[in-house]
Amino acid sequence: MWLVLDQFSRTLIDAAVANAILLSVVVVLVVFTRQPARRIVLAQTGVYAALLMIPLVVFDALPRSYPIDWMLRTGLVPPPLTPELSPLDVDLAGKPSPRGRSDSSSQAEWPAGERLVRVATLIYLVGAAAGLSWFGLGVWGFQRLLDRSVEVSPATQRVFDELIVDLERSPPHPALRASDWLRSPVLGGVIRPTIVIPGRLDRDEADPDALRLILLHELAHADRGDAWFNALAALAQILWFFLPHLWWLRTQLRIDQEFLADRRAAGPLGETTHYARWLVGLSSGRPAAVKTDGREVESPRFWRGRPFDTPLLQRVAMLLYCPFAVEGRPPRWFSVGVPAAFMLLAVALSMSRILAPVDPSALVPSPKAGDAIFRDLGLSEFEVAATEDNRSVVVFPPKLAIPPAFRLKVEVKASPRTLAQLRIAGCPLVPHTVPNVEDLPDEPLRWHHVEIRRQFGVFTVKIDDDEFEPDPKTVADARWLTFSPGDQPATVRNLQITW
């Protein structure tokens, strides 16, 4: 369990550092970009990169770099900053040195703060699970709202259909529903977007012009796919809730989306002042979309005393006093080149390992010679023979402590009975179900290809084409690379150990 958690912790740390660097660049560019459409592209790129960072870090086909290991090799960082346990960390008497650990199952070789990192990872998992639960509750709540909504009246549907024709909008079109549970219109749904308007806007006394503004605004959101992407942004924020970049980007993204939808809704009228007045009235809770028999109703100054960063006040200011021409969509070179450049940067950052996965279980399937933690041991040929007591254990000098995960390949020339008696690292080479080992013949002698793997505390033995798992009781105390001989000598060659 701890090995899996430690490996996930390293992956999470590497991905978090890469995301922090990339999202910092995105935030800086968003701050210095004034066009809302371009800021949306930058924010969307940051969200995509955040969602893909963990898969990119896990993906093992790309070359990897270890900055800390490089700094240690070049002397830029003193070695004591990242202490590492060595499997050869034993004294001359064969006992573990004070720096070593007696329990091989916990030799994950973390830097200092192992328990702190594990606790932090568990806290992250709890936080992410809570966020996903809240996200699922929101999806369920919107679906419940749809189930309790009703079809709009023929008059409202006629206004919506005429608007679709005027905009020359290609299908599929969003669905339109009404609900008395709402105070303001919303757009939701990932597979098929649905516009839900308050029930008071679906009555005979509703102002057709105000209703048209509402539908124009929500259709602008639907045309840009805002509902679908907002769901992705919410997932990215949940997975990386400890990164403030995504919180800020998501807030800025929603404001910019509202900017563009406001401009789209106010454009056909040719007069943004009317739309801004209606927007203030709707947001203040006044029934701005209801006919008032021509009487002017003063809009309440509900932002009095508030700073300029109030989202509604920013939207009104952009409508009335925007000092530059607002782009409906960014240039093609920007919408294609910027995401491509950031995706390449994300791939480059994912290749860097801030904390090398020194738990070798991650490298057992396909270790690479360029890895900073790649280790191996090879011996050409030697003989394992019984001594006077007939059962002495041959231990490699100096003693080699086997790590939590390793792969051992060797060729053994022995008879069936000697092979059944031989133990490598305390691991038998035949299944424990083989009966009457002593009755097996001493002849003939032949070469056997042996592969022993230990990963996540489980041994796997493969003899030629037969694979099995030995009895866990027989390998429970396996800590050293040992050879226990049988009655007759056995020749061992091409020993190769990778960890």
Side-chain angles (χ1 to χ4, degrees), residues 87-88 90 93-96 104-105 107 360-361 364-365 367 375-499:
L88 296 175
V90 294
K95 298 179 181 180
S104 62
S105 62
Q107 292 178 356
S361 60
V364 167
R375 304 190 186 103
D376 66 343
L377 172 68
L379 294 174
S380 57
E381 184 173 334
F382 58 94
E383 187 175 87
V384 179
T387 56
E388 296 178 355
D389 58 6
N390 202 36
R391 281 299 180 207
S392 63
V393 177
V394 178
V395 183
F396 266 81
K399 286 187 176 181
L400 177 62
I402 55 176
F406 67 93
R407 177 169 56 190
L408 182 149
K409 290 184 176 181
V410 69
E411 296 179 21
V412 179
K413 184 178 182 180
S415 65
R417 186 168 74 177
T418 303
L419 187 69
Q421 295 172 342
L422 187 63
R423 300 286 188 273
I424 300 179
C427 184
L429 302 186
V430 295
H432 64 279
T433 56
V434 175
N436 302 324
V437 173
E438 300 298 333
D439 295 338
L440 294 176
D442 286 335
E443 298 290 343
L445 301 177
R446 71 182 185 92
W447 288 102
H448 302 272
H449 295 277
V450 180
E451 181 176 349
I452 301 176
R453 296 165 60 98
R454 184 168 77 173
Q455 190 171 6
F456 302 119
V458 179
F459 274 91
T460 303
V461 181
K462 184 176 182 181
I463 305 294
D464 298 326
D465 295 327
D466 298 328
E467 186 172 343
F468 67 93
E469 292 184 6
D471 186 359
K473 297 180 181 179
T474 62
V475 293
D477 297 328
R479 299 182 181 179
W480 309 98
L481 180 59
T482 59
F483 286 84
S484 300
D487 295 338
Q488 301 296 326
T491 303
V492 178
R493 71 180 183 186
N494 298 332
L495 174 67
Q496 188 73 26
I497 308 174
T498 303
W499 68 93

Atom pair CG/OG1 of Leu445 and Thr491 - distance to nearest 0.5 Å: 8.0 Å
Non-neighbouring partners of Glu411 that pass side-chain contact (heavy atoms from CB on, under 4.5 Å), sequence neighbours left out: Trp447, His449, Arg493, Asn494
Nearest heavy-atom neighbours spanning Val412 and Ala490: CG1-CB, 4.4 Å
Value rounded to 0.5 Å, distance of CZ in Arg453 from CD in Glu467: 8.5 Å
Spatial distance of atom CG (Leu429) from atom CG (Leu422) [nearest 0.5 Å]: 5.0 Å
Contact check, side chains of Arg446 and Asp464, non-hydrogen atoms, under 4.5 Å: yes
Atom pair CD1 (Ile424) and CG (Leu408), whose distance is rounded to the nearest 0.5 Å: 6.0 Å
Closest contact, heavy atoms only, Pro470 versus Phe459: CD-O, 3.6 Å
Spacing of CD1 belonging to Ile452 relative to CZ belonging to Arg407, to within rounding of 0.5 Å: 13.0 Å
Check: Val410 and Ile497 side chains under 4.5 Å, non-hydrogen atoms: no
CD-CD distance between Gln421 and Gln488, expressed to the nearest 0.5 angstrom: 8.5 Å
